[in-house]
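Report on one structure; see the data block that follows.
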Number of protein chains: 2
Amino acid sequence: MREKERRRCELQAEVLKALAHPLRLAVVQYLAKEEKCVCEIVDYVGTSQSNISKHLSIMKRVGILSDRKEGLSVYYRLNMPCALNFFQCVQDIIETQISERSAALR
Amino acid sequence: MREKERRRCELQAEVLKALAHPLRLAVVQYLAKEEKCVCEIVDYVGTSQSNISKHLSIMKRVGILSDRKEGLSVYYRLNMPCALNFFQCVQDIIETQISERSAALR
DNA sequence: TTACTATATTACCAATTGGTAAAATAGTAA
DNA sequence: TTACTATTTTACCAATTGGTAATATAGTAA
């Protein structure tokens, strides 16, 4: 494995790590259609404001989200529409997994 | 956010977490075309055998990889070919990110 | 100015993750 | 049987992550 590939995998892993958290996935999917302000995201996800703020900054840092200020509010938007394609693929794995497990129980 | 969506996000995050590590990404990409035995993967990635074994079991547990025994060797294969589509999307984010940062420096 | 609102940041702690080294397992072969 | 090889598992430790509560920042409005 060459050094170049190693570095590419490190960068890719940073982006995937920023996606790989239940609340962050929920936010990404919530932002699929349109931008939302932090207070809407907090209401939707149902956790503390400071917690959401930290998760948003993690995703912003790697480029998954962008933000825009308007008055007191900050609006976040999804900067990576292709991420939405992931979810069907991931979901397929989950369902295969579940059906294999239940088959194994029989 | 409904309970059902929350659970879906939790499952999806488990799969993504199992992908979101530089060595594990390297393994997934190495397995893109064909199955490989553990010793080949160890040689390719260049870390200890017990470390690789642990990473492989993490990916196997969530269904990303499957394995097959042949004599002393264990062969792993990618059970999630659609994962390969992720990487271009992730790579696009990385490159946008890099070009925005270098633009910001100017 | 003061008070209020939305958001971000900090400090802290508990839980999880990732790595290494050693021991266990299991197949092969003499 | 014994020795050898490939792999997994365990025990352990350091580093990272995720959450909460408190504080700071910044815009708005009286």
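Computed from a prediction, not measured in an experiment: that's the story for all the values here. Naming: A, B, ... by sequence-line order, numbering from 1 per chain.
Nucleotides of DNA chain C with any atom under 4.0 Å from a heavy atom of chain B span, from 5' to 3', C:dT17 to C:dT28.
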May I have the list of side-chain donor-acceptor pairs in residues 64-72 of chain B shorter than 3.5 Å, sequence neighbours left out?
from    : atom 1 : to      : atom 2 : distance (Å)
B:Ser66 : OG     : B:Asn79 : ND2    : 2.5
B:Asp67 : OD1    : B:Lys60 : NZ     : 3.4
B:Asp67 : OD2    : B:Lys60 : NZ     : 3.0
B:Arg68 : NE     : B:Glu35 : OE1    : 3.2
B:Arg68 : NE     : B:Glu35 : OE2    : 3.3
B:Arg68 : NH1    : B:Glu70 : OE1    : 2.7
B:Arg68 : NH2    : B:Glu35 : OE2    : 2.4
B:Arg68 : NH2    : B:Glu70 : OE1    : 3.2

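Note: the hydrophobic cluster containing A:Met59 also contains A:Phe87 (ILVMFWY, side chain heavy atoms under 4.5 Å, direct or indirect links). Cluster membership for A:Ile58 and A:Leu56, using ILVMFWY side-chain heavy atoms within less than 4.5 angstrom, is not shared.
Interface residues of residues 50-64 of chain A facing DNA chain C, ordered by number: A:Ser50, A:Ser53, A:Lys54; criterion, heavy-atom separation under 4.0 Å. Less than 4.0 Å separates DNA chain D from no heavy atom of any residue of residues 4-34 of chain B. Using a 4.0 Å cutoff on non-hydrogen atoms, the parts of residues 69-80 of chain B near DNA chain D are B:Leu72, B:Ser73, B:Val74, B:Tyr76, ordered by number.
With 3.5 Å as the limit, one finds no donor-acceptor pair spanning the side chains of A:Glu34 and A:Tyr75. Checked by atom type, the side-chain pair B:Tyr44/A:Glu5 shows a donor-acceptor distance below 3.5 Å.
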Candidate pair A:Gln97 and B:Glu14, rule side-chain hydrogen bond (donor to acceptor under 3.5 Å, both in side chains), full reasoning: CA-CA 12 Å; A:Gln97 194 69 347; B:Glu14 272 188 53; over 6 Å; no
Criterion side-chain hydrogen bond (donor to acceptor under 3.5 Å, both in side chains) on B:Glu40 and B:Tyr76, from CA distance to verdict: CA-CA 10 Å; B:Glu40 290 172 305; B:Tyr76 279 86; over 6 Å; no
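Looking at B:Ser53, its side chain never comes within 3.5 Å of a backbone N or O of B:Gln49 through a donor-acceptor pair.
Listed by first and then second residue, the side chain to side chain donor-acceptor pair (under 3.5 Å) pairs involving residues 17-27 of chain A are A:Arg24-A:His55 (not counting sequence neighbours).
The distance from the CG atom of B:Leu23 to the SG atom of A:Cys9 is 8.5 Å, given to the nearest 0.5 Å. The CD1 atom of A:Ile93 sits 11.0 Å away from atom CG of B:Leu16, with the distance rounded to the nearest 0.5 Å. For the atom pair CE (A:Met80) and CG (B:Asp92), the distance works out to 8.5 Å, reported to the nearest 0.5 Å.
Summarising the base pairing, C:dA30 is matched to D:dT1 through a Watson-Crick or G-U wobble pair whose two defining distances lie under 3.5 Å. Across all strands shown, C:dA15 pairs with D:dT16; the Watson-Crick or G-U wobble distances both stay below 3.5 Å.
The side-chain contact (heavy atoms from CB on, under 4.5 Å) test with B:Arg6 singles out one residue from B:Arg2, B:Arg8, B:Glu10, and that residue is B:Glu10.
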